[in-house]
Amino acid sequence: MRRFVILQHETPRGYQRPLHWDLMLETGDALRTWALEQEPTVGSTVNAEQLADHRLAYLDYEGPVSGERGNATRWDQGTYNVECERDDEIIVMLQGTRLSGRVTFTRRSDVAQRWTVVFSGTT
């Protein structure tokens, strides 16, 4: 099974992106990453921006983010399975310490890097 992590990323005052949660999915030798605009909870729909892939080291990392971009704290971690993966939709099943269940990523049509993420919980 592949691993995932969600890092709560606190940023400095005035930084371009305020407090957010980085959801990272292990995909081979990198982490596919989305910045979630709000804390993920079962039953929530969250706007997200897909970021550049991150290093696998973030699966186990907590602490300062390079470039004085704030501090990352592990919010959740666990494993996941991919149920569906297309260009505009990804569905995974998470098994974490805080979140478990189906998560659906849907690419928005207005901006390529913008996604809607639905946390459905266990089904």
Side-chain angles (χ1 to χ4, degrees):
M1 290 184 98
R2 299 185 220 177
R3 298 175 291 168
F4 82 92
V5 66
I6 300 175
L7 299 176
Q8 182 176 328
H9 187 171
E10 295 180 46
T11 57
R13 184 179 303 257
Y15 188 71
Q16 64 186 6
R17 181 179 289 120
L19 170 68
H20 62 278
W21 288 258
D22 292 320
L23 189 157
M24 302 176 173
L25 301 176
E26 181 180 33
T27 57
D29 61 353
L31 297 171
R32 194 166 182 186
T33 303
W34 289 264
L36 307 175
E37 292 181 359
Q38 64 192 51
E39 183 176 324
T41 58
V42 172
S44 68
T45 299
V46 178
N47 289 322
E49 179 180 353
Q50 187 171 10
L51 305 176
D53 289 350
H54 284 59
R55 299 181 319 246
L56 290 176
Y58 280 102
L59 285 168
D60 301 307
Y61 184 76
E62 287 188 297
V65 178
S66 63
E68 298 186 22
R69 293 178 290 157
N71 193 63
T73 305
R74 193 171 311 108
W75 187 88
D76 197 8
Q77 65 183 8
T79 59
Y80 78 97
N81 286 318
V82 177
E83 289 191 346
C84 171
E85 185 166 3
R86 297 188 295 261
D87 286 344
D88 60 347
E89 181 180 56
I90 302 165
I91 301 172
V92 299
M93 287 295 290
L94 298 182
Q95 183 61 48
T97 55
R98 295 177 87 160
L99 285 177
S100 290
R102 178 172 283 120
V103 179
T104 304
F105 298 79
T106 305
R107 186 185 308 267
R108 292 179 35 182
S109 60
D110 55 342
V111 180
Q113 298 306 101
R114 300 290 295 167
W115 295 70
T116 300
V117 184
V118 177
F119 295 88
S120 301
T122 303
T123 58

Visitor: How close do L31 and Y58 get, counting heavy atoms only, and between which atoms?
Guide: CD1-CB, 3.8 Å

Visitor: Can you find a pair of side-chain heavy atoms, one from R2 and one from L25, that are under 4.5 Å apart?
Guide: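 SC-SC contact between R2 and L25 ruled out.
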
Visitor: Are the side chain of R69 and the backbone of T11 linked by a donor-acceptor contact shorter than 3.5 Å?
Guide: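 Here the side-chain-to-backbone pair does not exist.
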
Visitor: Can you see which heavy atom on T73 is nearest to which on E62, and at what distance?
Guide: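 Nearest pair, atom of T73 first, then E62: CG2-OE2, 3.3 Å.
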
Visitor: Determine the sole option in E26, M24, H54, Q77 for which the side-chain contact (heavy atoms from CB on, under 4.5 Å) test with L59 is passed.
Guide: E26

Visitor: What heavy-atom pair brings G28 and L56 nearest, and what distance separates the two atoms?
Guide: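 It is O-CD1, 3.9 Å.
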
Visitor: Does one side chain, of Q95 or S100, offer a donor that lies under 3.5 Å from an acceptor on the other?
Guide: yes

Visitor: With respect to I91, which candidate in V103, T104, V82 satisfies the side-chain contact (heavy atoms from CB on, under 4.5 Å) definition?
Guide: T104

Visitor: Decide yes or no for V5 and Y61: does some side-chain heavy atom of the first lie under 4.5 Å from some side-chain heavy atom of the second?
Guide: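 Of all side-chain heavy-atom pairs linking Y61 with V5, none is under 4.5 Å.
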
Visitor: Looking at side-chain heavy atoms only, is the closest gap between W34 and I90 below 4.5 Å?
Guide: yes

Visitor: Would the distance check show the side chain of D76 and the main-chain N or O of R98 forming a donor-acceptor pair, the cut-off being under 3.5 Å?
Guide: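 Flag set: sc D76 to bb R98 pair under 3.5 Å.
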
Visitor: Should the ring pair H9 and Y15 be called parallel, tilted or perpendicular, given that the plane angle runs from 0 to 90° and is split at 30 and 60?
Guide: tilted

Visitor: Counting distance only, does the side-chain N/O of T33 pair as donor-acceptor with the main-chain N or O of L51 below 3.5 Å?
Guide: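 Not a single qualifying donor-acceptor pair exists.
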
